[in-house]
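Worksheet: the structure to be examined is printed underneath.
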Amino acid sequence: MDNTTLQLFADNYSLVDFDKIKFDWNGQHGAKFQDDNYKFRAELCEFLIPQIGTVKLELVRDLYLELGKYSKEAWCIYNKFHILGQQLLIRGGTDYLKYYIEGASQSSDAYGQSSQVEISKELTEQFLRSINSTIKTAKDEKERRVYEGFRKRFEWIASK
């Protein structure tokens, strides 16, 4: 796909375009695995990474979440997954923390790759406050455990 088409897609992205980037899995694994949108999603990500700071945050979020879903079933992760997650945290702040955690929680590959984010101490402390609040108010034990795991991650980032 040419750069002009990719740029137009990114500039005009809205919910009606989601079907073009969603994880469209055939339910198979191994040699039979297929995601009909993988090629477009991968091309789009590669095109957008150099300008990621100006890409619509909704598109970054949707790509990140769909790549997380992909990682769960493909048993691998996009090597720049963390850059998308980092943008969610930096530009989206605590409002987008839940999306970062959701995408990173999809698989061990996503969890590991998403740990490579580089964020300020100030942001890290905001996320820790938000995570601690969620842990205190979570009604679901699974959600509480997930957030406790990410609390450890952000404590580790803050200690660097």
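Values below: every heavy atom of this structure, side chains too, minus hydrogens, waters and symmetry copies.
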Rounded to the nearest 0.5 Å, what separates atom [atom1] in [X] from atom [atom2] in [Y]?
X      : Y      : atom1 : atom2 : answer
Leu65  : Phe18  : CG    : CZ    : 8.0 Å
Ile90  : Tyr96  : CD1   : OH    : 14.5 Å
Asp36  : Lys22  : CG    : NZ    : 10.0 Å
Ser114 : Asp109 : OG    : CG    : 10.5 Å
Ser105 : Lys98  : OG    : NZ    : 14.0 Å
Phe154 : Ile101 : CZ    : CD1   : 6.0 Å

[X], [Y]: one ILVMFWY side-chain cluster at the under-4.5 Å cut-off?
X     : Y     : value
Phe81 : Trp75 : no
Leu8  : Leu6  : no
Leu63 : Tyr38 : no
Leu15 : Phe9  : yes

Could you check if a side-chain atom of [X] sits within less than 4.5 angstrom of a side-chain atom of [Y], using non-hydrogen atoms only?
X      : Y      : answer
Thr134 : Leu97  : no
Ile157 : Phe127 : no
Leu84  : Ile49  : yes
Ile21  : Phe40  : yes
Glu118 : Gln86  : yes
Trp25  : Tyr70  : no
Leu48  : Leu59  : yes

**Prompt:** Checking salt bridge (Lys or Arg N to Asp or Glu O under 4.0 Å) against Glu46, which of Arg41, Lys39, Lys80 comes through?
**Reply:**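 Among Arg41, Lys39, Lys80, the one meeting salt bridge (Lys or Arg N to Asp or Glu O under 4.0 Å) with Glu46 is Lys80.
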
**Message:** Quick one about Gln7 and Asn3 (side-chain donor to acceptor, distance below 3.5 Å, no hydrogens or angles considered), yes or no?
**Reply:**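 On atom types as modelled, these side chains do not qualify, holding no pair under 3.5 Å.
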
**Request:** Mind checking side-chain contact (heavy atoms from CB on, under 4.5 Å) for Lys69 and listing every partner two or more places apart, or none if nothing turns up?
**Result:**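 Lys69 satisfies side-chain contact (heavy atoms from CB on, under 4.5 Å) with Phe23, Glu66, Gln106 once adjacent residues are dropped.
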
**Message:** If you apply the rule side-chain hydrogen bond (donor to acceptor under 3.5 Å, both in side chains), what do you find for Thr94 with Ser130, and how did you get there?
**Reply:** CA-CA 7 Å; Thr94 56; Ser130 178; 5.2 Å; no

**Message:** Less than 6.0 angstrom separating the ring centers of Tyr111 and Phe150, yes or no?
**Reply:**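 Judged by ring-centre distance (under 6.0 Å), Tyr111 and Phe150 do meet the cut-off.
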
Side-chain donor-acceptor pairs under 3.5 Å in residues 142-149, sequence neighbours left out?
residue : atom : partner : partner atom : Å
Arg144  : NE   : Ile135  : O            : 3.3
Arg144  : NH1  : Glu141  : OE1          : 2.7
Arg144  : NH2  : Ala138  : O            : 2.4

**Atom CD of Glu122 with >12 non-hydrogen neighbours under 6.0 angstrom** =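 12 or below, so no.
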
Minimum-distance pair of heavy atoms, taken over all atoms of [X] and [Y]:
X      : Y      : answer
Ala158 : Leu128 : CB-CD1, 4.5 Å
Ile77  : Leu67  : CD1-O, 4.0 Å
Lys56  : Arg91  : C-NH2, 4.1 Å

